[in-house]
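Heads up, the thing below is written out as structure tokens.
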Amino acid sequence: MHTPDVRVPFLSLRPGEDADALRAAVNRVIDRGWFILGPELEAFEAEFAAASGAAHAIGVNTGTDAIALLLRGLGIGPGDEVITAPLSAAYTALAVMMAGARPVFADIDPERHTITPETVAAAITPRTAAIMPVHLYGQPADMPAIAALASRHGLALVEDAAQAHLATCGGAPVGSFGSGAAFSFYPTKNLGALGDAGAITTGDAALADRLRRLRNGGQKTTYQHDEFGVNSRLDEMQAAILRERLQRLPGWTAQRRAIAAHYRTRLAGGPVHVPAEFDAGHVYHLFVVRTTQRDAFRAHMLAQGVQTLVHYPKALTEQPAIQSEAPADCPEAVRAAAQVCSLPLYPSLSLHDADLVADAVMSFAPAL
Ligand SMILES: *Cc1c(COP(=O)(O)O)cnc(C)c1O
């Protein structure tokens, strides 16, 4: 079969405008000869906390670790249930399981693609310890309403903000609604490292202290292990890289929003459904459309030279490793998983290329 040339790739991870700054940052770390728990991490934590409107940030190895450690830091573990989203990266649920707790899935709103106060309320049991919304694709869940529900039931509230750096909900930063938030700096994320990295933000100084111990083997002081901790420290090389990129993140986020707005204008009335934007604080980690003819749509896009991806092809309730832990009926998540399709969207995407994408979408003729 003839494979058409790629005119618009889904994403390129090779550093662009920031490449020289990243090389300088790496050299700075090499020249200093200090690679773990050093000045770059300390500075990044302060800078990321400030950018996120949080009092504290704790750098860890991955977003998955950030979720698991945040839950453990709150004393959530075996016997506890954490209500979370069935449409997400599998790591959302796997991290709950890493903490020893059980993920319980509340169904999503089919437009917003996040869990809702109503679906969460229906999933609360006597074992529920926490609610953890996922700000999927960069769009925050309805946090004021979910926070009110959590406080009414005396439940902890944590946010999976792995796709939502700098996002706000009703004007307030994500991560500010409950005990804390987990962020990922996986290379594809809005703020991406050149490797694995993650962070937790919180306004609670005691929790921040506990998390700093938990990520470092549970050590209170060197060689004094008072509790069971893990080895999950964001290293100096990645911290230095993230500091460079954090400076550019507000500009990159504005570019993501501008491209999304352009797509919304161009795709109005077209052959695929464009889910609504519920909050101006959406940071467009992904631009996702829905169609019942996804395979045909993706083939059409590829024939026009446009790469697309699917986030995610299965609901977490359909994943064997998770299903057995948390059987749940989430028809909206299952339907979304069969219909969602992500279009190219990244800060360096030119408007010319965005128009190529939009032209390709608009020329799709669904079968009747
Ligand atoms: C990426 C992601 C994670 C996991 O983060 P890692 O850094 O890859 O461990 C968790 N939740 C969501 C919603 C994600 O997008």
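Every number for a ligand or one of its atoms is a count from 1 in the order of the listing. Note that this is a predicted model, so its numbers are computed, not measured. Side-chain atoms are counted along with the backbone in the values below, which use heavy atoms only and exclude waters and symmetry mates.
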Judged by atom type as modelled, is there a donor-acceptor pair below 3.5 Å linking the side chain of [X] to the main-chain atoms of [Y]?
X	Y	result
D5	G305	no
Q339	A336	no
E47	R243	no

Ligand-residue contact atoms, ligand 1 with [X], heavy atoms, under 4.0 Å:
X	value
T62	7 (O), 9 (O)
G63	5 (O), 6 (P), 7 (O), 9 (O)
V134	13 (C)
Y91	4 (C)

Worksheet item: In terms of side-chain geometry, is the basic nitrogen of E227 or K220 positioned less than 4.0 Å from the acidic oxygen of its partner?
Response: no
Practice prompt. Locate the shortest heavy-atom distance separating I241 from A193; write the atom from each residue and the value.
Written response: CG2-CA, 4.4 Å
[atom] - nearest protein heavy atom and its distance:
atom	value
atom 12 (C) of ligand 1	A162 CB, 3.4 Å
atom 9 (O) of ligand 1	T64 OG1, 2.5 Å
atom 11 (N) of ligand 1	D160 OD2, 2.8 Å

Please confirm whether [X] comes under 4.0 Å of ligand 1, counting heavy atoms of the residue only.
X	answer
T92	yes
K189	yes
S88	yes

Practice prompt. Compute the ring centroids of H285 and Y137, then answer whether they are less than 6.0 Å apart.
Written response: no
Worksheet item: Does the ring centre of Y346 sit less than 6.0 Å away from the ring centre of Y284?
Response: no
Worksheet item: Is any N or O atom of D196, backbone or side chain, closer than 3.5 Å to an N or O atom of ligand 1?
Response: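 Min N/O separation from ligand 1 is not below 3.5 Å for D196.
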Fill in: Qualifying residue for ring-ring contact (aromatic ring centres under 6.0 Å, His included) with H165, from Y186, W252, F185
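Going through the options one by one, the only one that passes is F185.
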